[in-house]
Amino acid sequence: MKQNPSHNNRNIISRMSDCTLCPRECHADRAAGQTGYCGVTDRLTAARAALHFWEEPCISGTNGSGAVFFSGCNMRCAYCQNYSIAHGRNGREITVERLAEIFLELQAKKAHNINLVTPTHYVPQIIRALEKAKSDGLTIPVVYNTSGYEKTDTLKALDGLVDIYLPDLKYYDSAISRKYSNAPDYFRVATAAIAEMFRQVGPPVFDILPCQDSDFSDSANEDSDISETALMKKGVIVRHLLLPDCAQDSLDIIRYLYETYGNDIYMSIMNQYTPLPQVASIPALNRRITDAEYNAVIEYAISLGIENAFIQEGSTSSESFIPDFGGEGI
Ligand code: SF4
């Protein structure tokens, strides 16, 4: 039996004064202005809301994804690709009502979906904003774009409000997740979260849209029956960003996902890792992924028989994937 999201929402809102929204379980009184590991109080803060064209082609489509980038992050990875908002906490405070308006403004700009980027620590406010926006006419799919470091009971509060889950699965080895994200339990936690996401939305459902160009190829396997003309309406896409010198971790993750879900989810295998200034003192992270490293992972995915995967072609490891967080659309 499905839980009543509104009832669950009330439970989750009360957690802001003793915050256990995510696996960090800081118990910070965010309602009183304290911050936990995510670095933010209960004041909703976002750095950018705009059409975004750099997601997978079935998310960006021809018009773009309506991406809202929230400030703060409960992962705070050493190599963070959105450092200025996740660590630096740039952004502007907004009300729940303003967030609902932003969703409707993005829909009016013809966004294919609402893309909630790094939303975990604001789930209670996001639920209220989605409920208001939906009652005011929001009809496009909602994408929950997350590091994957989520608690299943927090995700359950989103049941019925989110159409597409876009989690990362960053690490398999706990030594690596401890070293780069201070999260030795990452694989156990994130895989349980992905199972809950799949329970909610199930296998992928697509609409057709006109053809487009993209930095992503549509599949690791040319026999895939999903073309670049498909726009996702429902489903799970698990992203994995290759990190330098972590090739075995990538193979283990891909094998796990395929053995667990087969072709009922999509994978997005990414080579765009960009060493930003904060990793200059971490030699292992201070380089890009080589073509040979990436190709070996793709060949492994193909050898397993994976059909539903997005891959990146050409030299995509560029800072051009990092948007301007100057407050556009907020
Ligand atoms: S959402 Fe933030 S304050 Fe709450 S448990 Fe997670 S990291 Fe801690």
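Counting starts at 1 for both ligands and their atoms, in listed order. Residue numbers run from 1 in the order of the sequence given.
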Peer 1: Name all residues meeting the salt bridge (Lys or Arg N to Asp or Glu O under 4.0 Å) criterion together with D29; count only those two or more places apart in sequence or in a different chain, and write none if there are none.
Peer 2: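 With sequence neighbours excluded, D29 shows a salt bridge (Lys or Arg N to Asp or Glu O under 4.0 Å) to no residue whatsoever.
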Peer 1: Just to be sure I understand the site: which N, O or S atoms from the protein are less than 2.8 Å away from atom 8 (Fe) of ligand 1?
Peer 2: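 Within the sphere that stays under 2.8 Å of atom 8 (Fe) of ligand 1, the protein atoms of type N, O or S are C26 SG.
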Peer 1: Applying salt bridge (charged side-chain N to carboxylate O under 4.0 Å, His left out), which residue pairs with at least one partner in residues 179-197 are found, sequence neighbours left out?
Peer 2: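 Non-adjacent pairs meeting salt bridge (charged side-chain N to carboxylate O under 4.0 Å, His left out): D185-R188, E196-R199.
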Peer 1: Below 4.0 angstrom, N of the basic side chain to O of the carboxylate: do D159 and K156 qualify?
Peer 2: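 Result for this pair is no, no salt bridge flagged.
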Peer 1: With side chain to side chain donor-acceptor pair (under 3.5 Å) as the criterion, how do E55 and S60 come out once you've worked through the C-alpha distance, each side chain's angles and the decisive distance to 0.1 Å?
Peer 2: CA-CA 5 Å; E55 309 289 25; S60 289; 5.8 Å; no
Peer 1: Sequence neighbours excluded, which residues qualify as side-chain contact (heavy atoms from CB on, under 4.5 Å) partners of R178?
Peer 2: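 Here the qualifying residues are P184.
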Peer 1: Evaluate the ring planes of Y180 and Y171, with Trp represented by its six-membered ring, and classify them as parallel (under 30°), tilted (30 to 60°) or perpendicular (over 60°).
Peer 2: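 Rings of Y180 and Y171: tilted, as their planes differ by 30° to 60°.
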